[in-house]
Every structure is written in structure tokens, then in C-alpha cells.
Protein chains: 2
Amino acid sequence: MINREEYRRRVILTAGQIFSRYGFRKTTMDEIAKALKMGKSSIYYYFESKEEIFEAVVLYEANILRNELTTAIKSVESPIEKMRKYVFVRMRSFEKLSNYYNAIFDKNLDHFDFIETIREKYDREELAILRLILYHGSRMNVFSIDNSEYTALAIQTTLKGLEVPLFWKKRELNIDKRLNAILDVLFKGILKK
Amino acid sequence: MINREEYRRRVILTAGQIFSRYGFRKTTMDEIAKALKMGKSSIYYYFESKEEIFEAVVLYEANILRNELTTAIKSVESPIEKMRKYVFVRMRSFEKLSNYYNAIFDKNLDHFDFIETIREKYDREELAILRLILYHGSRMNVFSIDNSEYTALAIQTTLKGLEVPLFWKKRELNIDKRLNAILDVLFKGILKK
DNA sequence: AAAAACTTCGAATGAACCGGTCGATAATTC
DNA sequence: GAATTATCGACCGGTTCATTCGAAGTTTTT
């Protein structure tokens, strides 16, 4: 029982790559096993089921995302840049994750209520981050905001709105353009005159 | 029997998109049908089998590639640029096609000997194009080549060598860098002193 | 306007596939 | 050398998938 966690990690990493490419349904245990140079049955020594692997992968990816986001906003000083970075990193990551979502909304989404849990948690965290950025901007006299709570919610809602085309129609491009437009609107309505 | 060809075309286009994303095996007739807003059985009115669709798609893509290549070399005058463009377009397209190849080399490649036929044909064509570029460069006194036949073959061999990592290891990156390096070597050995 | 030909599709089918199990067997630890 | 940890091949039963078929709808021909 020396390396159990290390092995789980390896499975998560490899499976993650395949899931992100083909989605949950189209990824087979045989493929994961082959990529790991393992017998298929051996994987079951470390994980209960395909779904458990998927769960672990999503959890793992969610953590990556969280880290990317926090380092992103730390990497710049100006509130405008913080907001801009946050939004872009968030959407880029989401694009990467959209395959997983596609995978889930194939059918049997019944089993995957854990996704809802993660989602709720991250929604709350996102809200906190947004409020922080807004608050920071307010303090630095760059933003003028009445109610940071509701402003944060408004921004979050917009971002969620952008997710939709991202995983309904695959190749809806120019997310960047649209993001920039939204940010422009946001800032021009928010910046001190 | 008014629109048979048009319908076949539509199937080829749609199926092509899905094949290129998921490969032959992971693409189902249901998906193709759904994307076409057609009953699955209806597709069989236009095509004999999934394999026939695949064959048509590959043929179609091969033609696109041929066109891209010829317009690419026409778009510039200097032999050096012709060669450079040709090589880059060729590799970029091949990258796009690598999914199909992956699809085939899953298993039962037995059935797909038509791929070999296409391949051979395009190898010949490629050789002709390369020779043309070389010849043109020679005439313009930019290249100095002893035997354009064998030089063309040498270049083709190199390009084929680059294909290998392209569909064995998915994310072998920096093809561009490697291409540039190869081109540098090629030119410095080929350019008149 | 009936017959013939063309087109679409739901339902059925049989074969392949796939997630998961089980027991045998290495490999490692005690 | 027994106990445990770890790997795997072979198998199972349910599901999926490509393909078929016939019936029904539509257009063209006579």
C-alpha cells in the first residue's frame, strides 16, 4: 500500500486527457488502461467505477481552475486588469472543460448530481472573487459601485450566459471578441467619469 | 432522382466534421443522422455503409488538400516562398487529417485498402509538385540541384518522417519549429552560394 | 388519377462492444 | 512461507451500433 495515491493520481491525469478529448461516454476503460499500460482490471483496484474516475477528474480540474484564477488576479495590480484577466482565464478554462459538460449532458445526467455540488461551490467562490475585485477597485477609486453584491452577481450572470453557446454549439468562435465587448460595456458603465 | 448528389455532398460534409472530431470508430450513424436532421435509415438510401461514407469523406478531404496546396504555391512567386508555403500548408492539413488516420489504425485496417490507393496517388502528385518547385527554382537560378527527381524524393521522405510523431503521439508540439529547422537546412544546402 | 418510381423513417435484429467481476497468479511484505 | 498487496486474462450480461426491412409518404410518369 505504498503508492496508492500516486497511482490514483496517474489514473486521473491520463483519464483526464482522454475524457477531455472524447467526453465521458466515448471514453472506454480499455483506452484508459492502454494509455496507462495497465490491465483494465487493475484500474478497478484503485477506483470503484468509471464514474468515480470521472468524478475525480472533474474535481481535479476544478482545483486547477481555482488556482489559475487566483494566480491570474494576483499577477496584476490594476483593478481593470484584474477583472480582465479573471474573465479571460475563466472563459478559456471553461472552453477546455466544455467537453466534460458535453459528456454529461449526453444522457443519464441522473447519476452526476455531484457536478451540481461542485458547481454551486464554485459559483459561491466566484462570487467572492468578483466581489473582491470590485471592492478592491472601489477602494482604489477606479470603480464606482453601489452594491458590490449585486454587481458581482450581474457579472457572473453574464459570464454564465456566455457559457451556453460554448457547449451547445461547438465551434461558436470569437468568444474573445464577445468578451472584450462585454468588458468594454462593463467598464464604461462602471468607471468613474 | 433530382438531388442525389447534393444529398451525398451534405452527408459527406456533416459526417466529415464528426469523423474529424471523433474518428471513424467513435462516430455513430445516429450522430451523423441527427446532425443531418434525418432518420438514420435515410442515410442508407444515399450510402451503402458507414465505410462508404468514410471513404467519400477522405476522398473529399484529399481533394481539398490538393487545392489548398496548389493555390498555396501559386500565391507566391519566389521559389523559396513556394517551397516554404507548400511545406507548411501540407503539414498543417495533415495535422487536421491525423484524426482520420487515428481512426483507421484502431483495428480492422483490413477493409481500408482504399487509403493506400489514395496515398500512393497523392505521393506521386506531391512528388510532381515538389519537382516543379525545384525545377522552377533552378530555372530562376535560386536553387542549384543535380537531380530534381531524387531531391524531390528526399524532401518528401523528410516530410513523411514528420508525419509519424504527428499521429503516434497526439500532442507532439512545435511542428512549426521543426519545420523551420528542416527548411533552413534544406535551403542552406540548396541555395546558390 | 392510377401506377410506378423515389424518398423517408420507425422498428427490429444480430453482432460487437463495454463496464464491471472473479479467480488465478505474481510480487512484496512480514 | 504465509499473508497481503497488486496485476491481469477471461468472462458476463446488458447496451449500443450498423444495417435491414417494410410500410408509408411523396413525386413523377403514364
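Side chains are part of it too, since the values below use all heavy atoms of this structure and drop only hydrogens, waters and symmetry mates. Chain letters run A, B, ... following the sequence lines, proteins first and then strands; every chain starts at 1.
Counting only heavy atoms from C-beta outward, the side chains of A:F143 and A:H136 never approach each other to under 4.5 Å.
Of the residues in residues 8-16 of chain B, none lies under 4.0 Å from DNA chain C by heavy-atom distance.
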Are any protein N/O atoms closer than 3.5 Å to N/O atoms in nucleotides 9-13 of chain C? If there are, list each pair with its distance.
| unit_1 | atom_1 | unit_2 | atom_2 | d |
| --- | --- | --- | --- | --- |
| C:dC9 | OP2 | B:G39 | N | 2.8 |
| C:dC9 | OP2 | B:S42 | OG | 2.9 |
| C:dG10 | N7 | B:S41 | OG | 3.1 |
| C:dG10 | O6 | B:S41 | OG | 2.3 |

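In this structure, the separation between NZ on B:K50 and CD1 on B:I53 is 9.0 Å, given to the nearest 0.5 Å. Atom CG of residue B:L153 and atom OG1 of residue B:T158 lie 10.5 Å apart, to the nearest 0.5 angstrom. Expressed to the nearest 0.5 Å, how far CG of B:L127 lies from OG of B:S148 amounts to 9.0 Å. Taken to the nearest 0.5 Å, the OG1 atom of A:T151 stands 10.5 Å off from the CG atom of A:L130.
Heavy-atom distances to DNA chain C give each of B:Y7 and A:D30 a nearest nucleotide, and the one nearer the 5′ end belongs to B:Y7.
Here C:dC18 presents its P atom at 11 Å from NZ of A:K26, a figure rounded to the nearest Å. Taking atom CD of residue B:E51 and atom P of nucleotide D:dC17, one finds them 17 Å apart after rounding to whole Å. In this structure, A:Y46 atom OH and C:dG19 atom P are separated by 20 Å, rounded to whole Å. Rounded to whole Å, the distance from CG on A:L36 to C1' on D:dA6 is 15 Å. Here the P atom of nucleotide D:dT19 and the CD atom of B:E52 are 10 Å apart, to the nearest Å. Rounded to an integer number of Å, the gap from A:N3 CG to C:dA27 P is 18 Å. Residue B:K34 contributes atom NZ, which lies 13 Å from atom P of D:dT16 at whole-angstrom precision. In this structure, CD of B:E48 is placed 13 Å from C1' of D:dA18, rounded to the nearest angstrom.
Considering all non-hydrogen atoms of both residues, B:A35 and B:T14 come closest at CB-CG2, 3.5 Å.
Results of the side-chain hydrogen bond (donor to acceptor under 3.5 Å, both in side chains) test with B:E126 over B:K160, B:R90, B:K121 single out B:R90 as the only residue that passes.
Relative orientation of the B:F54 and B:F19 rings is perpendicular, given thresholds of 30° and 60° on the angle between their planes.
A:Y44 has no side-chain polar atom (N or O) that falls below the 4.0 Å cut-off from OP1 or OP2 of D:dT7. Between B:R25 and the phosphate of C:dA16, there is no side-chain N or O to OP1/OP2 separation shorter than 4.0 Å.
Placement of A:M38 and A:L13 within a single hydrophobic cluster is found when ILVMFWY residues are connected by side-chain heavy-atom separations under 4.5 Å, directly or transitively.
Comparing D:dA18, D:dT7, C:dG20 by their nearest atom to the side chain of A:K50 picks out C:dG20. Among the nucleotides C:dT21, C:dT7, D:dA6, the one closest to any side-chain atom of B:Y45 is C:dT7.
If you check every strand for non-hydrogen atoms under 4.0 Å, B:F47 touches nothing.
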